[in-house]
Enquirer: 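One structure, as structure tokens, below. Some questions next.
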There are 2 protein chains.
Amino acid sequence: MDDAPLPPGQGGPARRPTVGSLARRAGVAASTVSRALRGDPRISAEVRARIAALAAETGYTPNALARTLVSGRSGLIGLVLGPMENPVYAEMMQEAVTQAAARGSRLLLLHAGHGPIEDATAEALTQYRVDGCLITSAELSSRAAAICAANGVPVVMVNRVPRQFESAVACDNHAAGEALAGLLAAAGHRRLAVVTGNADTSTSTRRAEGFARGIAAAGLAAPACFNGGASHAAGYAAGQAIAALPAPQRPDAVFGVSDVLAMGVMDALREAGLSVPGDISVVGADGIALAAGPPYRLTTVAQPLQAMIGRGLDLLMARIGGAALPQEVVLLRGTLIRRHSARLPA
Amino acid sequence: MDDAPLPPGQGGPARRPTVGSLARRAGVAASTVSRALRGDPRISAEVRARIAALAAETGYTPNALARTLVSGRSGLIGLVLGPMENPVYAEMMQEAVTQAAARGSRLLLLHAGHGPIEDATAEALTQYRVDGCLITSAELSSRAAAICAANGVPVVMVNRVPRQFESAVACDNHAAGEALAGLLAAAGHRRLAVVTGNADTSTSTRRAEGFARGIAAAGLAAPACFNGGASHAAGYAAGQAIAALPAPQRPDAVFGVSDVLAMGVMDALREAGLSVPGDISVVGADGIALAAGPPYRLTTVAQPLQAMIGRGLDLLMARIGGAALPQEVVLLRGTLIRRHSARLPA
DNA sequence: GAACACTGTGCTATCGATTGCGCAGAAAAT
DNA sequence: ATTTTCTGCGCAATCGATAGCACAGTGTTC
């Protein structure tokens, strides 16, 4: 363990070139190298070309961390994800990586899963000086948000609208629920039910509210409400409860507030010998890939994931810019996707 | 835009405390603050307590980026994920976040999805001076690995064993395939088939090879091979092809080399009116949550995800430590989970 | 009572990149 | 021919944290 220090550039992991080392080799000052690489017009074309060549030759890449120190911007965006039981978070993550990269930012993965953020993770948020934080979790993540606020780090929630204070981008969940209710009613369904998600999530509650509103508007009785959760298993349990009901009381249409939930419901119903959509229509919301194909072919309201992440990053970047913008909530309309899990009017 | 500089601590986003500002307030030198907070025994208990109190009061957190500059370690681990069509990557990611945090590292999300890494992303790898890189992708990610190697950044592959050079942790996929074949053969299946994944992935090929080996060992004819892919849709297509076969030629057991694939196969078979496991047994490998419950109840070999990520981080950390360890490949045994998608011997 | 060993801190350089300021030398103007 | 104006680049400070070395002040020892 007490190896003699290796001669530079030999043996050990090749020491990475720095502005300093480039400067020495080019016979100029470090500041000149820095300016040349950043395209400062004050540096002559000749010198700039020489340094650029040297940089390419040595494979120089600037140390983003060192730059952060002086610029105050890390180029890092903290990402908080919900539980992976719901595939929608994975899809969001993939979208976020791509789009963040396209904008020159990197994602620092702070959390993925249930529950609040651990202390150590919360510290990372400040220790790594993230420029902003993207919280794509339907669950309460007030902890992360509070820490961001306390440190002047902009936050944008995606897929969750907080009661106050933070900026957010979400699908117009209320409208989605309402639209589905309207369609189901128009198709002649009379006993509607909703399987809710986590009660803490605005996504779930707004969808359920919208659904109830749509049902009321159609002059039907309020929907039966079944407590679901975040997973397929939760939906399955709710579906079993529904299937166990005596036929006259059994709903003829069920809205699972998220696609995984609806998938679980369908599976339970079918396993109980009921036909979907023959006996019961099932609809969901989210638009995840797995629900699109067989055996589900789930009729759903798809969230415009790409646009949601895009607008989320827009909001974040604008606030990172330092502008003292007011908090902003953006609601994007989902799009109804008619598939075959529900009887709907033509 | 030409605001007069705000008085410190007022108006603008509260300037974060630094060792310097703490030092001024405590009437000591910055180095003393640093040492006190790091628990250096040379600092008197009294001073240490005073500084600790001050740090707590002001909410001081060290700037990890600045520390990186001098320590040479960023505490960042690059993470490369496969396509989210396969839920196993999401599960791995969640596991990786948790375990990395527990070890005091953070994950820098470099890539998620298909295909090779874009240039910009590859640069991030060196710009942010990641200490190491965890590549949990069955697909070729040679690009990232090459860049890491060129920069002396340790790499560990999880869920993929490269042909050479890198360290890796994987499930013993060959053994998994072999075991499944043996069980299916023992249960009396005679015409076995395999639905393969992406041909570039060691995970897929090893499982298929193991399966073929197991079949040969049982004295049966080589399995029919159907080209699958990474998604449920690919499995579904393969399942349709299988279902379309005339009954005498149709396999009586199918191995989908990953669970999503097997799920797709099952869905297609059932949609074609075949019973699983009545007419055809279907087995998978991975052990994802979605395949566990209804309607799949997939018999599978579950990967020890937690252990895989754990060992992966072990290998990585050891190499980050600077020790010139040889490349290492760790194979972890999966565990057979008997559910109801296949007829198996008791 | 003086030389000694300690102990607790401060000073300063360092990591890599950036930036304000200043200073050469060349070109232009008078 | 001399002053003025640029153009092109170097110097040095800075960001925040850390570490080597030096140096006071106290306690110990002969």
Side-chain angles (χ1 to χ4, degrees), chain A residues 5 8 13 15-52 54-55 58-76 123 126-131 151, chain B residues 2 5 8 13 15-51 54-55 58-76 123 126-131 151:
Chain A
R15 221 171 154 63
R16 290 203 182 98
T18 69
V19 277
S21 69
L22 286 189
R24 243 169 289 129
R25 292 187 47 171
V28 297
S31 51
T32 300
V33 173
S34 172
R35 282 191 264 256
L37 292 174
R38 296 178 66 83
D40 190 310
R42 294 184 307 172
I43 303 299
S44 68
E46 184 234 343
V47 173
R48 208 185 313 174
R50 186 154 48 95
I51 293 178
L54 206 56
T58 58
Y60 168 81
T61 49
N63 184 329
L65 274 23
R67 178 181 291 165
T68 297
L69 213 49
V70 44
S71 75
R73 297 259 293 264
S74 64
L76 252 28
E123 275 182 16
T126 62
Q127 290 185 338
Y128 284 91
R129 299 292 189 264
V130 298
D131 292 336
N151 288 281
Chain B
D2 254 331
R15 224 174 152 62
R16 290 204 182 98
T18 69
V19 277
S21 68
L22 286 188
R24 243 169 289 130
R25 293 188 47 171
V28 299
S31 51
T32 300
V33 172
S34 172
R35 283 190 265 254
L37 293 175
R38 297 176 63 85
D40 191 311
R42 294 184 307 173
I43 303 297
S44 67
E46 185 234 342
V47 171
R48 209 186 312 172
R50 187 155 48 95
I51 292 178
L54 206 54
T58 58
Y60 168 81
T61 48
N63 184 329
L65 275 23
R67 178 182 292 165
T68 297
L69 213 48
V70 43
S71 75
R73 296 260 293 267
S74 65
L76 253 27
E123 276 180 16
T126 63
Q127 291 185 338
Y128 284 91
R129 299 293 191 265
V130 298
D131 292 336
N151 288 280

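Per chain, numbering begins at 1; letters A, B, ... match sequence-line order.
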Enquirer: Quick one: list whatever passes side chain to side chain donor-acceptor pair (under 3.5 Å) with A/Ser74, sequence neighbours left out.
Expert: A/Asp131

Enquirer: Going through the distances and angles, do B/Arg129 and A/Asn63 end up as a side chain to side chain contact (heavy atoms under 4.5 Å, CB included)?
Expert: CA-CA 7 Å; B/Arg129 299 293 191 265; A/Asn63 184 329; 3.6 Å; yes

Enquirer: Taking only residues two or more places apart in sequence or in another chain, which ones pass side chain to side chain contact (heavy atoms under 4.5 Å, CB included) with A/Arg50?
Expert: A/Ala26, A/Val28, A/Glu46, A/Val47

Enquirer: A/Arg25: which residues meet the side chain to side chain donor-acceptor pair (under 3.5 Å) condition with it, sequence neighbours left out?
Expert: A/Glu57

Enquirer: Using whole Å, what does the distance between atom P of nucleotide C/dC6 and atom CD1 of B/Ile43 come to?
Expert: 19 Å

Enquirer: With sequence neighbours excluded, what pairs up with B/Thr126 under the side chain to side chain donor-acceptor pair (under 3.5 Å) test?
Expert: A/Thr61

Enquirer: Checking A/Ala55 now: which residues fulfil side chain to side chain contact (heavy atoms under 4.5 Å, CB included) with it, not counting sequence neighbours?
Expert: A/Leu22, A/Leu37, A/Tyr60

Enquirer: Can a donor-acceptor pair be found, under 3.5 Å and without considering hydrogens, that links the side chain of B/Ser21 to the backbone of B/Pro17?
Expert: no

Enquirer: Taking side chain to side chain contact (heavy atoms under 4.5 Å, CB included) as the test, write out the residues that go with A/Ala29, two or more places apart.
Expert: A/Ser31, A/Thr32

Enquirer: If the sugar-phosphate is the primed atoms plus P, OP1 and OP2 and the base is the rest, what is the B/S/- string for nucleotides 15-24 of chain C, using protein heavy atoms under 4.0 Å?
Expert: BBBBBBB---

Enquirer: Which residues satisfy the side chain to side chain contact (heavy atoms under 4.5 Å, CB included) test with A/Ala52, sequence neighbours excluded?
Expert: none

Enquirer: Need two values: the first and the last nucleotide of DNA chain D, 5' to 3', having an atom under 4.0 Å from any heavy-atom of chain A.
Expert: D/dG8 to D/dG16

Enquirer: Return the set of residues passing salt bridge (charged side-chain N to carboxylate O under 4.0 Å, His left out) with A/Arg42 (not counting sequence neighbours), or none when no residue passes.
Expert: A/Asp40

Enquirer: How far does the helix from C/dG1-D/dC30 to C/dT30-D/dA1 bend, going by the axes of its first and last five pairs, to the nearest 10°?
Expert: 60°

Enquirer: Looking for any heavy atom pair under 4.0 Å, which part of the strands does B/Val47 touch: base, sugar-phosphate only, or nothing?
Expert: sugar-phosphate

